[in-house]
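Just so you know, these numbers come straight off a predicted model, no measurement behind them. Chain A is the first sequence line, chain B the second, and so forth, proteins listed ahead of strands; every chain is numbered from 1.
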Protein chains: 2
Amino acid sequence: MTKQLKSFYLFKDLDDKSLARLDEISNVIEYKKGSILFFEGDKAANLIILLEGILQVYKTDQKGNKVILHHFFPVDVIAEIVNFEHMRYPASAEFESDGKVLSINYDTFEKEFLKNPDISFAFIKSLSKKIKYLENVIATNMVMNSTARVAKFLCENGDKISKLKKSHIAANLNMTPETLSRILKKLSTMGLIEKLKDEILILDKEGLETFYL
Amino acid sequence: MTKQLKSFYLFKDLDDKSLARLDEISNVIEYKKGSILFFEGDKAANLIILLEGILQVYKTDQKGNKVILHHFFPVDVIAEIVNFEHMRYPASAEFESDGKVLSINYDTFEKEFLKNPDISFAFIKSLSKKIKYLENVIATNMVMNSTARVAKFLCENGDKISKLKKSHIAANLNMTPETLSRILKKLSTMGLIEKLKDEILILDKEGLETFYL
DNA sequence: AATTATTCTTGATATTTGTCAAAGAGACTG
DNA sequence: CAGTCTCTTTGACAAATATCAAGAATAATT
């Protein structure tokens, strides 16, 4: 497994001895689609790195609706502040597909590895990436309306759309399938997109961008 | 000024020589209430540390409304990822009161100081704090409705309320003064709070908490 | 191909919050 | 203390989005 560890950017500069040690304090866990990695409020003993699969992070509002906050893809470090700050998970995480995770005993990791300048720099990099991600979540969900969110999604993910169910897209954009359907119809009527069998053609990307830029 | 630098936690472990060098590459700038520290989209050449005053960070939506994202208080490091990632400011910042800022040439800082383990650890700490803050912004504004936000604000700031204008509170909670007024009336009718001359008494804190916990 | 199940769309209606206008209440000034 | 100014409250209405229910389209299964 040390080979796998080394391939991860956080550990790429570690020597063999350190890698062996890291191997000792970590293990790989596999998850099935739909299974929960952690619940909001759980405590964290391990630093978790997503090796395979897509992980969805969400909160539940008063009405019981999921509010999707973000997605993690391999190879991301998951919620490292929860370890660093000894806090509880602020949201829940569920696998959207089968997945695999590297779980590292955090206390040992902090003591033996975090002082290493390369690791700490990578850690900063990872936190920084997360902040950018959160800023984007805020920019998207707090300042943009539904139409703008859909337009942004189309421009950024136009290619992937055919593979996704509409109801899934709607959930990711934090709106109902009905609202998504109506917005797509509107954009189609405006001549900005064309709805084909199971694909959405973008006819006027600039037109779409005016909704959110 | 080295004394002032040393009092800041990020620099508390620096030796005198380093402090003197830091002093060379930084300067203090004063701002009047209402003045802009930076606009969304600006590039950043300096690492900014808020020494005095309250700084409000916001975005503007399509309709031209301010969406307030957060507030910084002394002594906070402001938007360090913008420096670290060489990106543009994702939001604008305006002084809510007179203020003072320490501005450090970032390129030099990164080269000469960020490798110092104490500084990098403090840097991690600062990023981590920011992530917690952003998580909270998201939790508050994306998953809670207006009533819940007001209830949370009352529970967490009950004491400070008398000093603040209602319109100011409303802006901070990202709602209109009208909405705030109506919610306070509702909570008052429910017997959870009592509106006095220029103070709001919390009669039933647990009752308020049920709106958001 | 026919049947069944799932997803998507449409319409009617409800809810939440914002907008606009006017009235009320304090605070400040001359 | 009357007049003015600012802030807050109230009411009527509008906008955006959610909810619920039914129908249409697609996909899956027998």
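Evaluation of the side chain to side chain donor-acceptor pair (under 3.5 Å) rule for B/Thr108 yields B/Asn105 as partners, not counting sequence neighbours. In this view, B/Ser92 and B/Phe39, B/Glu40, B/Tyr58 satisfy the side-chain contact (heavy atoms from CB on, under 4.5 Å) rule, not counting sequence neighbours. Partners of B/Phe121 under the ring-ring contact (aromatic ring centres under 6.0 Å, His included) rule, at least two apart in sequence or in another chain, are A/Phe84. The side-chain contact (heavy atoms from CB on, under 4.5 Å) search around A/Ala171 returns A/Ile68, not counting sequence neighbours.
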Under 3.5 Å, sequence neighbours excluded: what are the donor-acceptor pairs made by side chains of residues 200-213 of chain B?
unit_1: B/Asp204; atom_1: OD1; unit_2: B/Glu206; atom_2: N; d: 3.4
unit_1: B/Asp204; atom_1: OD1; unit_2: B/Gly207; atom_2: N; d: 2.8
unit_1: B/Thr210; atom_1: OG1; unit_2: B/Gly207; atom_2: O; d: 2.5

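The stretch residues 170-182 of chain A touches DNA chain D through A/Asn174, A/Met175, A/Thr176, A/Glu178, A/Thr179, A/Arg182, each having a heavy atom within less than 4.0 Å of the strand. Contacts between residues 137-151 of chain B and DNA chain D, defined by a heavy-atom separation under 4.0 Å, are absent.
Both A/Lys63 and B/His168 lie close to DNA chain D; mapped to their nearest nucleotides by heavy-atom distance, the more 5′-ward contact belongs to B/His168. The residue among B/Asn65 and A/Lys166 whose nearest nucleotide of DNA chain C lies closer to the 5′ end is A/Lys166.
Between the C1' atom of D/dA16 and the CD1 atom of A/Ile183 lies a distance of 10 Å, rounded to the nearest Å. Rounded to whole Å, atom C1' of D/dT26 lies 13 Å from atom NZ of A/Lys165. Here the P atom of nucleotide D/dA18 and the CD atom of A/Gln62 are 16 Å apart, to the nearest Å.
The list of salt bridge (Lys or Arg N to Asp or Glu O under 4.0 Å) pairs with a residue in residues 171-181 of chain B, not counting sequence neighbours, is empty. Among residues at least two apart or in separate chains, ring pair (Phe, Tyr, Trp, His ring centres under 6.0 Å) pairs with a member in residues 129-161 of chain A are A/His70-A/Tyr133. Counting only residues at least two apart or in different chains, side-chain hydrogen bond (donor to acceptor under 3.5 Å, both in side chains) contacts with residues 185-195 of chain B comprise B/Thr147-B/Lys186. Each salt bridge (Lys or Arg N to Asp or Glu O under 4.0 Å) pair with one or both residues in residues 78-96 of chain B, not counting sequence neighbours, appears once here: A/Lys125-B/Glu85, A/Lys132-B/Glu85, B/Lys66-B/Glu94, B/Glu80-B/Lys130.
Nucleotides of DNA chain C with any atom under 4.0 Å from a heavy atom of chain B span, from 5' to 3', C/dT17 to C/dA27.
Paired with A/Ile78 under the rule side-chain contact (heavy atoms from CB on, under 4.5 Å), one option of A/Leu47, A/Leu102, A/Ile48, A/Val101 passes, and it is A/Ile48.
Relative ring orientation between A/Phe109 and A/Phe11 is described as perpendicular, the plane-to-plane angle rising above 60° on a 0-90° scale split at 30° and 60°.
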